[in-house]
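In the text below, chain A, chain B and the rest are named by the order of the sequence lines, each starting its count at 1.
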Amino acid sequence: MTDSTPTSADANPNRRETAETHEIAPSRNFIGRQIDADLAAGKHDAIVTRFPPEPNGYLHIGHAKSIWLNFGLASEYGGACTLRFDDTNPAREDAKFIAAIQQDLRWLGYRWSRLAYASDYFAQLYDLAVQLIKKQRAYVDPQSNAEIRAQRGTLTTLGANSPYRDRPVAENLALFAAMKNGDFVDGEMVLRARIDMASPNLNLRDPILYRILHHHHARSGDQWCIYPLYDFAHGQGDALEGVTHSLCTLEFEDHRALYDWLLDNLTLPARPRQIEFSRLNLNYTVMSKRLLAQLVDHGDVDGWDDPRMPTLCGLRRRGFTPDSIRRFISLVGVTRSHNMIEMGALENCVRQELEPIAPRVMAVINPLKLVLENYPEGDSELLEVPNHPQNTNFGTRKITLSRELYIERDDFMEAPPRKFFRLAPGREVRLRYAFVVQCCSVVKDAHGQVVEVRCRYDPATRHGKQPQGDGRKVKGIIHWVNAEDAAPAEVRLYDRLFSCANPLADKDAEFRKFLNPESLLTRKHAMLEASMSAADSKTRYQFERLGYFFMERARVGAEPKLIFNRIVTLRDSWAATAARPSRQAK
RNA sequence: UGGGGGAUCGUCUAGCGGUAGGACUGCGGACUCUGACUCCGCCAGCGGGGGUUCGAAUCCCUCUCCCCCAGCCA
C-alpha cells in the first residue's frame, strides 16, 4: 500500500472528520478547497455559513444538498451555521412553513448555531439604504413598473437612465422616509441603486432595492410597508451575521457583481464571499416548488408529503432515512456542472442502508391461496425463523404453518417462461423456511382465473434439505403466510412519479402528461405474517423478496388498520431477465 | 446578437503538465433457504480542430453544443 501524500486539504487542522465514515466529507470539493485557501491566507479565524430558505414552501431533496453543504462544512471546520429565513416578501410567505422547515432540518439531523430572519435586520437594512442615498449611490424612482422595465433595455440593447437618477440627496432622503412612513401606495415608488444602466449585466442596471408593500408581515407585523428585495437583504444579512462563505446555486452567479458592489459601497462588519454550485436534479421527478405545487393543486398527489414527492416530508413518510439522504448527497458531489442524477442512485442508497438494519418478515401483497393436500386438516406447526439472514443478533421468531397458506400471485404461472423457477403445474418450489412443495392441480373460477393452487409437501425437506434420493434440486424459493392467522393489511406500492426520465425535456409539452399512472398501486388485501399485527411504526421492515416497507401513519376516524408504504423494491434481476425478449423463443 | 457559466464512461465524479481513477448502472460468473445481500470479472469516457511541449483532460487559439440573466420573486 502506497503512502499517500496528504493534500493541502487533508492537512488542514481546522477540518474535523465527519462522524459517518461512509459519508464523503462536505469539504471534498472545490468549495472546501476555497475555504482551505481562505483559512490558509488568514482571512478568517473560523468559518460561518448559513442556510437561507424562503418560508414559502416545503423543502425538497434539492435543498438537502445546500443543507448538507452549509451545515456539514460548518461542523467539519468547527464553525457555525445559521438558519436564516429569508422572509422579505410577506405577500408570498407564510409562517406555517417556518415550523415545517425546522422540522425537516432536525429530521435530517442538523442543528443550527443560530436562528435568524431577514426581517430581524429590517431596521439596519433601512439605515444601510439611507447610507447609500447619502453617498449618491441610490435614488427614489416614482416611475411605473412598465416604465422602469422599458428603460432597462434588453440582453442586447443598453438601458436608459431614469429621469430621476440625479435627484438631490435631500429629496431622496425625504422621499425614502415618506415611503417608509406609508405616504404612498404599493408600487408608487421604489428605491434603486445608482450603478450603470449600460452594464452588460442586467443586475447592475440600477436594480431595485426596496419596494412598497402594504402587507402584514408574519414577524414584523405592520411595522413596515417597505420591504427590501433579495439582492439588498441577502448579502447584507450575510455581512451582519459574519458569514464568511455564502453558498448558493448557479442562477445567482450574475448577482454576485451586485452582491459585491453593495459590500463595497456600504459600511459593514464583515466581508462575506458568494460561491455558487450547481443544483441537484433527479430524473423521473421535478424539483421546483412551482411545479410541485401544481401537482398538489391538481390532486395528482396526496399533498406535499405524498410519498411520491421529492420533498423531505414526502421522503420521510415514504420511509427514507436521513442517513440515506445525506449519504446520497455526499455521493453525487458538489460541482459547477449541470447534472441529472439517476433516481436509481437514490434508491440504491436507501437499499444499502436498510439491508443490514431491516428485520425480515414475510408478507404476501397479492394473495393466492395454496392448499397442502397431504397436510392434515386442523394441524399446524411452529417454525423458528431468523429475523435477519446475516446477523444473528436480530434473533428469531416463530411462524405458523398449516394446511392453508397464501403465496404471491406472481410466484405462480400456469405457463411459465424459460428460466422461471417458481411454482407452476407439476413443478416444485420451496416455501421459505419450510418445505418443498409440488403443485398437483389448480382451481379456477368461472372466468378461468386461478383462485387456488393445490400442492403436496415433502416432509423430509425441512430446514433447507433438498429432496432425497433422485438428486433433483429445487432452486426456487417463495415466501408465504399462514392463512388462518395472517394479518390483513393495505400495502401501497410506490414507484417513480413520472414515466419518463425528464418530464421537462419537451418545453412545449405539459409536464403533467408524463405522470406515471402506476406511481401508486394500492393493494388493499395484502396478508402479513401474524407477528406484524404488532408491527412497530418506527421500524423499516424488509418484506422478504419484495422490498423495504414502512408503516403509514395511523388513519384518523377509521377502524385500526395496518397500512404499509413501500420505500423501495429489492433489486430484481429476474425482472430484467423476464422483460428481455428471449433470443431462443421463436 | 450582450453578459455570466458549463462540457471527462449510460449517470455522477476524481484529475490541477507525467500510466484517465472511483461510485452507480449495465453485462457475465461464484455463493445463497430472499432471482436479495456478498464476492469476482467485464464493457464503457477526456465535445471538435489546431498549436505549445520530450509529454496535454490539464496550458494557448479556435469552433461547436448546453445552461442562466431583460420580476417592484428568491
Is there a donor on the side chain of A/His479 or the base of B/rA36 sitting less than 3.5 Å from an acceptor on the other? no

A/Tyr58-A/Phe97 aromatic ring centre distance below 6.0 Å: yes

Using only side-chain N and O atoms of A/Arg432, determine if any of them is under 4.0 Å from OP1 or OP2 of B/rG35. no

Check this for me: does the side-chain of A/Arg256 come within 3.5 Å of the base of B/rG4 through a donor and an acceptor? no

Look at the side chain of A/Glu276 against the base of B/rG5 and say whether a donor-acceptor pair falls under 3.5 Å; ignore hydrogens and angles. no

For A/Arg571 and B/rG26, is the shortest distance between a side-chain N/O and OP1 or OP2 below 4.0 Å? yes

Less than 4.0 angstrom from a charged side-chain N to a carboxylate O is my criterion; do A/Arg545 and A/Glu408 meet it? no

Nearest-angstrom distance, C1' atom, B/rG41 to B/rG5: 41 Å

Per the atom types in the model, does the base of B/rG3 pair as donor or acceptor with the side chain of A/Asp254 at under 3.5 Å? yes

Counting any heavy atom closer than 4.0 Å, what does A/Thr335 reach on the DNA or RNA strands: base, sugar-phosphate only, or nothing? sugar-phosphate

With heavy atoms under 4.0 Å as the rule, sort A/Arg351 into base, sugar-phosphate or nothing. nothing

Using a distance-only test with no angle check, is there a side-chain donor-acceptor pair under 3.5 angstrom linking A/Glu276 and A/Thr249? no

Regarding A/Pro389, tell me which of base, sugar-phosphate or nothing describes its non-hydrogen contacts under 4.0 Å with the strands shown. base

Do A/Tyr259 and A/Asp238 pair up side chain to side chain, a donor and an acceptor below 3.5 Å, judged on atom types alone? yes

Under 3.5 Å, is there a donor on one side chain and an acceptor on the other for A/Glu355 and A/Gln542? no

Can you see if the side chain of A/Thr88 gets near the phosphate of B/rA74 - specifically, an N or O under 4.0 Å from OP1 or OP2? yes

Could you give the distance separating B/rU25 and B/rC43 at their C1' atoms, to the nearest angstrom? 12 Å

Regarding B/rU38, can its base be found pairing with the side chain of A/Gln390 as donor and acceptor, where the two atoms are less than 3.5 Å apart? no

Both distances below 3.5 Å, Watson-Crick or wobble geometry, any strand: find the nucleotide opposite B/rU11. B/rA23

Assert: residue with more 5' nearest nucleotide on RNA chain B, out of A/Ile477 and A/Asn348, is A/Asn348

So does A/Asn56 get a side-chain nitrogen or oxygen closer than 4.0 Å to the phosphate oxygens (OP1/OP2) of B/rC73? no

Mind calculating the distance between CZ (A/Phe30) and P (B/rC12) to the nearest angstrom? 16 Å

Within the structure shown, what part of the strands sits under 4.0 Å from A/Phe252 by heavy-atom distance: base, sugar-phosphate, or nothing? base

Would you indicate what A/Gln143 reaches in the nucleic acid, counting non-hydrogen atoms under 4.0 angstrom: base, sugar-phosphate, or nothing? base

Rounded to the Å, how far apart are A/Glu251 CD and B/rG4 P? 18 Å

Report yes if a side-chain nitrogen or oxygen of A/Lys507 is closer than 4.0 Å to either non-bridging phosphate oxygen (OP1 or OP2) of B/rC67; otherwise report no. yes

Could you tell me the Watson-Crick or G-U partner of B/rG2, where both distances fall under 3.5 Å? Say none if there is no partner. B/rC69

Using the C1' atom as the reference point in each nucleotide, state the distance between B/rA57 and B/rG48 in Å, no decimals. 14 Å

Presence of A/Arg290 side-chain N/O under 4.0 Å of B/rG71 phosphate oxygens OP1/OP2: no

Kindly say if A/Arg28 contacts the phosphate of B/rG15, meaning a side-chain N or O under 4.0 Å from OP1 or OP2. no

For the side chain of A/Asn339 and the backbone of A/Arg279, is there at least one donor-acceptor N/O pair under 3.5 Å apart? yes

Check every strand shown and say whether A/His234 touches a base, only sugar-phosphate, or nothing at a heavy-atom separation below 4.0 Å. nothing

Using the P atom in both, what is the distance from B/rG21 to B/rC61, to the nearest Å? 29 Å

Atom-pair distance (CD1 on A/Ile365; C1' on B/rU34), nearest Å: 14 Å

Please compare A/Met340 and A/Ser337 by the position of their nearest nucleotide in RNA chain B and report the one closer to 5'. A/Ser337

